[in-house]
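We're numbering straight along the sequence, starting at 1.
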Amino acid sequence: QVRVVESGGGSVQAGGSLRLSCVVSGYNVSRSCMGWFRQAQGEEREGVASVYVGNGLSYYADSVKGRFTISRDTAKNTVYLEMNNLKPEDTAVYYCVIDSRVNCLTSDWRRTNGYGYWGQGTQVTVSS
């Protein structure tokens, strides 16, 4: 059974930082695309960042470039999202995703319907 479990969400003021973690079990992560999506209230779910676990290549949405960093620890089957200089518009539920069928090296990483495994989500709230 595949389990995807996020942690690390919370409430911060604008300009603050948070670090999200995602642990995967029951799945071979070594050649998988792992990433983070977010969904703000009343909005569509959008891709935030992804990383190809095999070589660490990462991709970001334009809205978070320079502020967010995605990384992975293959020994722990874990992916992280370091979020700095947070803005109120970053407020959303953040979801961790994983799937070896997603081509992380193309824009496919942004497609919500490409990932078969999702976490339950963790809330991030940024106040002004």
Side-chain angles (χ1 to χ4, degrees):
Q1 182 182 359
V2 180
R3 293 193 67 207
V4 181
V5 181
E6 306 103 333
S7 61
S11 297
V12 295
Q13 291 191 324
S17 299
L18 283 173
R19 188 194 198 202
L20 305 183
S21 300
C22 172
V23 181
V24 175
S25 59
Y27 196 83
N28 185 351
V29 306
S30 61
R31 288 184 173 82
S32 295
C33 187
M34 294 186 69
W36 294 90
F37 281 70
R38 66 185 181 186
Q39 187 167 22
Q41 196 167 8
E43 303 289 333
E44 291 188 357
R45 203 167 288 190
E46 64 171 353
V48 176
S50 73
V51 61
Y52 180 60
V53 177
N55 59 16
L57 284 176
S58 56
Y59 306 89
Y60 298 91
D62 288 343
S63 58
V64 305
K65 280 181 182 177
R67 300 188 298 121
F68 291 12
T69 302
I70 189 170
S71 61
R72 89 282 191 229
D73 184 332
T74 55
K76 296 181 179 179
N77 280 10
T78 300
V79 65
Y80 304 98
L81 187 67
E82 186 76 34
M83 305 184 293
N84 298 315
N85 191 22
L86 282 160
K87 303 176 181 181
E89 51 263 43
D90 294 317
T91 295
V93 177
Y94 283 72
Y95 297 91
C96 179
V97 295
I98 181 170
D99 206 305
S100 62
R101 297 167 297 182
V102 172
N103 188 344
C104 234
L105 307 181
T106 71
S107 59
D108 280 355
W109 76 266
R110 297 173 178 267
R111 296 175 56 189
T112 57
N113 61 0
Y115 296 90
Y117 303 99
W118 292 71
Q120 80 286 352
T122 185
Q123 177 70 46
V124 171
T125 303
V126 185
S127 58
S128 57

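One hydrophobic cluster, built from ILVMFWY side chains closer than 4.5 Å, holds both Val124 and Ile70. Following chains of ILVMFWY side-chain contacts shorter than 4.5 Å, one can reach Leu105 starting from Val97, so the two form part of one hydrophobic cluster. In the hydrophobic clustering of this structure, Val79 groups with Val53; members are Ile, Leu, Val, Met, Phe, Trp, Tyr whose side-chain heavy atoms approach within less than 4.5 Å, directly or through other members. Note: the hydrophobic cluster containing Leu20 also contains Val126 (ILVMFWY, side chain heavy atoms under 4.5 Å, direct or indirect links).
Of all heavy-atom pairs between Leu57 and Asn55, the closest is N-OD1, 3.0 Å. Closest heavy-atom contact between Ser21 and Trp36: O-CH2, 3.6 Å. In plain terms, the two heavy atoms of Thr78 and Lys76 that are nearest each other are OG1-O, 2.7 Å. Across Thr69 and Tyr60, no two heavy atoms sit closer than the pair CA-OH, 3.4 Å. Heavy-atom minimum distance, Arg67 versus Leu86: NH1-CA, 3.9 Å. The heavy-atom pair separating Tyr52 from Ser32 by the smallest distance is CD1-O, 3.6 Å.
None of Glu43, Glu44, Glu46 except one satisfies the salt bridge (Lys or Arg N to Asp or Glu O under 4.0 Å) rule with Arg38; the exception is Glu46.
Note that CG of Leu81 and OG of Ser71 are 8.5 Å apart. Values are rounded to the nearest 0.5 Å. Within the model, atoms NZ of Lys87 and OG of Ser128 stand 13.5 Å from one another, a figure rounded to the nearest 0.5 Å. Atom OG of Ser50 sits about 12.0 Å away from atom CD1 of Ile98, to the nearest 0.5 Å. For the atom pair CG (Leu18) and CD (Glu82), the distance works out to 8.5 Å, reported to the nearest 0.5 Å. Atom OG1 of Thr106 sits about 8.5 Å away from atom OH of Tyr59, to the nearest 0.5 Å. From Asn77, atom CG reaches atom CE of Met34 across 7.5 Å, with rounding to the nearest 0.5 Å.
Side chains of Val29 and Thr74 form no contact here, defined as non-hydrogen atoms less than 4.5 Å apart. Looking at Tyr115 and Trp109, their side chains come closer than 4.5 Å, going by heavy atoms from C-beta outward. Looking at Val4 and Cys22, their side chains come closer than 4.5 Å, going by heavy atoms from C-beta outward. At least one side-chain heavy atom of Trp118 sits under 4.5 Å from a side-chain heavy atom of Arg45. The shortest distance between side-chain heavy atoms of Tyr117 and Val24 does not fall below 4.5 Å.
Judged by distance alone, the side chain of Tyr27 and the main-chain N or O of Ser100 form a donor-acceptor pair under 3.5 Å. Glu6 places a side-chain N or O within 3.5 Å of a backbone atom of Cys96 that can act as its donor or acceptor partner. A donor-acceptor pair is defined here as one N or O able to donate and one able to accept, closer than 3.5 Å; no such pair exists between the side chain of Arg110 and the backbone of Gly47. Side-chain atoms of Ser58 do not come within 3.5 Å of backbone N or O of Val51 as any donor-acceptor pair. At distances below 3.5 Å, not a single donor-acceptor pair connects side-chain atoms of Asp108 with backbone N or O atoms of Val102.
Within a 6.0 Å radius of CD in Glu89, more than 12 heavy atoms belonging to other residues, nucleotides or ligands are found.
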Item to check | Evaluation steps, side-chain contact (heavy atoms from CB on, under 4.5 Å), between Thr91 and Gln123 | outcome: CA-CA 8 Å; Thr91 295; Gln123 177 70 46; 4.0 Å; yes

